[in-house]
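The chain is numbered in sequence order, starting from 1. Since this is a predicted model, take the numbers as computed values, not measurements. Read the numbers this way: they start at 1 and go in the same order the structure lists the ligands and their atoms.
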Amino acid sequence: MRWLGLGAVLLAAGCGPTPAAEYGEELFRDAALSESQYNSFSCATCHATTATPPAGKVYVGLSLHNVASRPHWFGGYETRLLDAVNFCYTAFMRGVTPLTPEDPKSRALYEYLVSISPEAQAPAQPFTLVKNISDVPRGSASEGERVYEAACQDCHGEPHTGKGRLTELASILPEVANDYGTIFPGVPAGLVFIEKVRHGRFFGVGGNMPPYSQEALSDQELGALLEFLDL
Ligand code: HEC
Ligand code: HEC
C-alpha cells in the first residue's frame, strides 16, 4: 500500500518550513511536475480530491479522496500506488523518467495523497474500459452542451473555436472530425470520435488525451455530447 515506508514517516516528522504534504499539493497542481515541454496537465487537471467532486465538473480520472487507502488501483491492474501514479505521469503527462520512491518530489506527492486519505481503509474503485467500440444512441443537445462544458471544455476550450483551451495541442471540437472521412474512409465520423473518447491516447491517432472509462462518462452522456456536436 505504501511506497516509502520509513523514509516517508521521517520526512513527515518535518524538516524545513514547508510540511511535505503542502509541497506535495503544490506539485499535484503544477504541470511542471513533468519535465516535458509539451505537457500542460497537472494531476489536478484530471482528478478531484474531495469525496464529492465539485458540481458541474466531470473529471476523466477518479477522485483521489482516500486513494492511499485503496488496496489496489486501475481496476486491479496496479498493485503499487507509485506504479499507478507513474502510469498517469508517463502516459498522460509525457513524463520521460518514472518517479522513483527516493525522489523528494514523489515523497512529497505521497504525503499529500496520504493527507487526502482520512480513512484507514477504502474500497478499490471500479475502472471499466470500453474495449469494443460501438455506436451510441444520440441524446438531447442541451444535455450534451452540459457534458461538453463539464468534461471537455477545460482542455479543449469552447466548441468551434477552442477559445480558452488549456493547450494549443488540444484539437478544436468538433472540427477535428472533418478529416475523419479521409483518414478513416468508410467509417462514420461519430464512431471515430467515440473511439477517441473511449481510448484517448491509446487510439491510433496518438497524443496524450486520457481515455474515458464507463464510470467517467456513460454512453448516455456520450450520446448527448455527439448530438450537441452534430456528429
Ligand atoms: C490527463 C489526465 C490525467 C492526469 C494528468 C493524471 N491522471 Fe491519474 N488517472 C487518469 C485516468 C483516466 C485514470 C483511470 C481512471 C481512474 O481510475 O481514475 C487515472 C487513475 C489514477 C489512479 C488510480 C486510481 C484508482 O483508484 O484506481 C491514481 C492513483 C492516479 N491516477 C494518480 C494520479 C496522480 C498522482 C497524477 C499526477 C502525477 C495523475 N494521476 C495525473 C487521468 C489522469
Ligand atoms: C485532460 C485534457 C483533455 C480532456 C479532459 C479531453 N481531451 Fe480530448 N484531447 C486532448 C488533447 C491534448 C488532444 C490532442 C492530442 C491527442 O489526440 O491526444 C485531444 C484530442 C481529442 C480529439 C481529436 C483526436 C484526433 O486527433 O482526431 C477528440 C475527438 C477529443 N479530444 C475529444 C474529447 C472529448 C469529447 C472530451 C470530453 C468528453 C475530451 N476530448 C476531453 C485533451 C483532453
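Atoms of ligand 1 found under 4.0 Å from any heavy atom of V60 (numbered from 1 in listed order, with element): 12 (C). Taking every heavy atom of P211 and a limit of under 4.0 angstrom, the matching atoms of ligand 1 come to 12 (C). Residue contact check: L81 has heavy atoms under 4.0 Å from atoms 29 (C) of ligand 1. Against a heavy-atom cut-off of under 4.0 Å, F41 is close to the following atoms of ligand 2: 1 (C), 2 (C), 12 (C). Counting the atoms of ligand 2 from 1 in the order shown, those under 4.0 Å from a heavy atom of F193 are 29 (C), 35 (C). With ligand atoms numbered from 1 in the order given, ligand 2 contributes 35 (C), 38 (C) to contacts under 4.0 Å with heavy atoms of L225. Near F127, the atoms of ligand 1 lying under 4.0 angstrom from a non-hydrogen atom of the residue are 14 (C), 15 (C). Of all atoms in ligand 1, listed by their number and element, those nearer than 4.0 Å to a heavy atom of L33 are 38 (C). Residue F92 has at least one heavy-atom neighbour below 4.0 Å for each of these atoms of ligand 1: 1 (C), 3 (C), 10 (C), 42 (C), 43 (C). Proximity to L173 (heavy-atom distance under 4.0 Å) selects the following atoms of ligand 2: 28 (C), 29 (C), 30 (C), 32 (C), 33 (C), 34 (C).
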_Could you go through D219 and R198, starting from their C-alpha distance and side-chain angles, then the distance that decides it, and tell me whether this counts as salt bridge (Lys or Arg N to Asp or Glu O under 4.0 Å)?_
CA-CA 10 Å; D219 277 346; R198 288 303 187 196; 2.9 Å; yes
*Evaluate the side-chain hydrogen bond (donor to acceptor under 3.5 Å, both in side chains) criterion for residues E227 and S140: first the C-alpha distance (whole Å), next the side-chain angles of each, then the deciding distance (0.1 Å), finally the verdict.*
CA-CA 6 Å; E227 180 69 24; S140 94; over 6 Å; no
*Can you list the steps and then say if R165 with D154 is a salt bridge (Lys or Arg N to Asp or Glu O under 4.0 Å)?*
CA-CA 6 Å; R165 64 188 155 159; D154 280 358; over 6 Å; no
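L64 CD1, 3.7 Å is the protein heavy atom nearest to atom 32 (C) of ligand 1. Here the protein heavy atom with the shortest distance to atom 4 (C) of ligand 1 is C46 SG, 3.3 Å. Residue, atom and distance of the protein heavy atom nearest to atom 13 (C) of ligand 1 are F74 CE2, 3.7 Å. For atom 26 (O) of ligand 1, the closest non-hydrogen atom of the protein is R70 NH1, 2.6 Å. Of all protein heavy atoms, the one closest to atom 11 (C) of ligand 1 is G61 CA, 3.9 Å. In terms of protein heavy-atom proximity, atom 28 (C) of ligand 2 is nearest to K196 CG, 3.5 Å. With respect to atom 23 (C) of ligand 2, the closest heavy atom belonging to the protein is S171 OG, 3.4 Å. Scanning all protein heavy atoms for the shortest distance to atom 5 (C) of ligand 1 gives S42 O, 3.3 Å. Protein heavy atom nearest atom 34 (C) of ligand 2, with residue, atom name and distance: C152 SG, 3.5 Å. The nearest protein atom to atom 15 (C) of ligand 2, hydrogens excluded, is given as G207 CA, 3.8 Å; this is a heavy-atom distance. Annotation: atom 27 (O) of ligand 2 to nearest protein heavy atom, Y180 OH, 2.4 Å. When hydrogens are left out, the protein atom nearest atom 38 (C) of ligand 1 is C43 SG, 2.6 Å; that is the closest non-hydrogen contact.
The option with the heavy atom closest to atom 18 (O) of ligand 1, from among L109, V67, L62, is L62. Closest to atom 21 (C) of ligand 2 by heavy atom, among R198, H156, Q153, is H156.
For atom 8 (Fe) of ligand 1, the N/O/S atoms of H47 include one lying under 2.8 Å. Within the 2.8 Å limit, C155 places no N, O or S atom next to atom 8 (Fe) of ligand 2. Residue contact annotation: C88 places an N/O/S atom under 2.8 Å from atom 8 (Fe) of ligand 1. Among the atoms of M209, an N, O or S atom falls under 2.8 Å of atom 8 (Fe) of ligand 2.
Contact annotation: for Y212 versus ligand 2, heavy atoms closer than 4.0 Å belong to the side chain alone. The proximity of N208 to ligand 2, defined as any non-hydrogen pair under 4.0 Å, involves the side chain as well as the backbone.
Side-chain atoms of S213 do not come within 3.5 Å of backbone N or O of F127 as any donor-acceptor pair. Between the H160 side chain and the P174 main chain, no donor and acceptor come within less than 3.5 Å of each other. No donor-acceptor pair closer than 3.5 Å links the side chain of H65 to the backbone N or O of P53. For the pair Y212 (side chain) and A151 (backbone), a donor-acceptor distance under 3.5 Å is present. Side chain of S36 to backbone of G95: no donor-acceptor contact under 3.5 angstrom is found. Listed for the N39 side chain is no donor-acceptor partner under 3.5 Å among the backbone atoms of R94. Judged purely by atom type and a 3.5 angstrom limit, S40 has no side-chain atom pairing as donor or acceptor with the backbone of T167.
F202 and F92 have perpendicular rings, their planes meeting at more than 60° on a 0 to 90° scale where under 30° would count as parallel.
Ion pairing of E111 with R107 is absent here, as no side-chain N (NZ or NE/NH1/NH2) approaches a carboxylate O to less than 4.0 Å. For the pair R146 and E149, the salt-bridge criterion is not met [side-chain N within less than 4.0 Å of a carboxylate O]. In summary, D30 and K105 do not engage in a salt bridge, as defined by a charged side-chain N under 4.0 Å from a carboxylate O.
For E35 against T97, the heavy-atom pair with the smallest separation is OE2-N, 3.6 Å. The two residues I194 and S134 make their nearest non-hydrogen contact at CD1-O, 4.0 Å. When all heavy atoms are compared, the tightest approach of H72 to E78 is CB-O, 3.4 Å.
Side-chain contact check for P159 versus L173: every heavy-atom pair is 4.5 Å or farther apart.
Ligand 2 has at least one atom lying under 4.0 Å from a heavy atom of L169.
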